[in-house]
Amino acid sequence: MAIALTALLLVETLLQIAWVARYYSRGIILFNERIAASPAMQAKLSPLGLERDLPPGRWASLAFHALPDGSTAFRESLAPSFGLRYFPVMRGRIVLNARRHEVRVIGLCSWFVAILSLLLLPLAAMFPMTTPILLMLPLFLASYLIQKRRYTAIVEVLRMQLKAEYPRQIHS
């Protein structure tokens with residue numbers, strides 16, 4: 001089982017590094033924010049500019065990448081940094097939907113976190129010596145709360161971009 005979990009972690013890391021579009025498009029949604037925005041407003045957004053627009057914090061930076069379908073994927077930067085780190089439990093995607101007049105920021109659960117979380121309780125029940133491994137669950141929860149706050153910051157920056165662009169559209 002340890003080999004399978006290690007293999008899953010490696011595969012997931014490779015999918016993140018390669019920015020595989022299907023990996024960023026499918027999964028269990030843990031974070032989902034919608035921002036109302038007309039197609040004209042969406043045209044003014046700069047999701048790839050979020051790397052510079054996000055306020056610097058104590059955590060390592062986020063990395064953004066344009067996907068072939070026009071959405072923008074994001075994840076924790078894998079570059080070495082001196083910022084604080086946490087275990088990433090989500091990967092994200094920004095989707096501009098002109099038909100529904102909205103921008104969505106979606107956070108999808110990590111495969112490794114989902115599978116390990118499902119295996120921890122039965123493992124601890126079958127082998128009482130492994131009970132300390134249940135401490136991973138509060139670690140995952142703390143990481144989720146940190147990432148949720150960071151994803152909310154992305155939503156706020158996108159809202160500010162929309163507000164900053166909106167007056168220019170009225171007066172143009």
Side-chain angles (χ1 to χ4, degrees), residues 1-35 47 50-51 54-69 71-97 100 102-159:
M1 178 165 57
I3 293 172
L5 285 171
T6 303
L8 178 63
L9 183 60
L10 289 173
V11 167
E12 190 166 27
T13 301
L14 290 174
L15 291 172
Q16 285 184 14
I17 291 171
W19 296 101
V20 175
R22 292 189 96 185
Y23 173 73
Y24 286 92
S25 302
R26 305 208 192 297
I28 300 168
I29 296 174
L30 297 179
F31 182 87
N32 186 16
E33 279 288 326
R34 298 171 193 263
I35 307 166
L50 286 169
E51 283 184 64
L54 282 170
R58 56 184 166 171
W59 303 107
S61 63
L62 294 171
F64 295 82
H65 181 78
L67 296 177
D69 67 356
S71 63
T72 303
F74 62 95
R75 60 167 164 75
E76 309 307 310
S77 174
L78 301 176
S81 75
F82 295 104
L84 296 174
R85 292 278 183 171
Y86 51 86
F87 194 87
V89 296
M90 289 190 283
R91 63 201 182 271
R93 190 165 159 230
I94 300 168
V95 180
L96 307 178
N97 190 330
R100 295 186 75 173
E102 70 181 11
V103 177
R104 286 180 66 192
V105 179
I106 303 166
L108 301 170
C109 186
S110 160
W111 296 349
F112 177 78
V113 169
I115 303 263
L116 184 59
S117 296
L118 289 173
L119 292 176
L120 286 179
L121 289 174
L123 183 66
M126 290 183 341
F127 305 104
M129 292 178 65
T130 62
T131 303
I133 200 164
L134 291 176
L135 293 174
M136 293 289 291
L137 296 175
L139 171 71
F140 290 159
L141 177 61
S143 294
Y144 165 75
L145 294 173
I146 293 166
Q147 271 191 298
K148 182 180 177 189
R149 190 174 310 138
R150 296 190 78 200
Y151 284 26
T152 301
I154 292 170
V155 171
E156 292 308 313
V157 169
L158 287 170
R159 282 191 175 124

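- The structure places NZ of Lys148 at 13.5 Å from CD1 of Ile146, a figure rounded to the nearest 0.5 Å.
- Interatomic distance, Leu139 CG to Leu134 CG, rounded to the nearest 0.5 Å: 12.5 Å.
- Counting all heavy atoms, side chain and backbone alike, Pro88 lies closest to Val113 at O-CG2, 4.2 Å.
- Panel note: side chain Arg75, backbone Gln16; a donor-acceptor pair is recorded below 3.5 Å.
- Atom CG of Leu120 and atom OG1 of Thr131 lie 10.5 Å apart (nearest 0.5 Å).
- The distance from the CH2 atom of Trp111 to the CG atom of Leu5 is 14.0 Å, given to the nearest 0.5 Å.
- Nearest heavy atom pair, residue Arg91 against residue Cys109, reads NH1-O, 2.6 Å.
- With hydrogens and angles disregarded, no donor-acceptor distance shorter than 3.5 Å links the side chain of Thr72 to the backbone of Pro47.
- Leu67 contributes atom CG, which lies 10.0 Å from atom CD1 of Ile94 (distance to the nearest 0.5 angstrom).
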For the pair Arg85 and Glu76, evaluate salt bridge (Lys or Arg N to Asp or Glu O under 4.0 Å) and give the outcome as yes or no after the intermediate values.
CA-CA 9 Å; Arg85 292 278 183 171; Glu76 309 307 310; over 6 Å; no
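- Between the side chain of Gln147 and the backbone N or O of Val89 there is at least one donor-acceptor pair closer than 3.5 Å.
- The minimum heavy-atom distance between Ser117 and Leu137, with the atom names listed, is OG-CD2, 3.8 Å.
- With sequence neighbours left out, the ring-ring contact (aromatic ring centres under 6.0 Å, His included) criterion links Tyr151 to Phe31, Phe74.
- Atom CZ of Arg34 is separated from atom CG of Asn97 by 9.0 Å, given to the nearest 0.5 angstrom.
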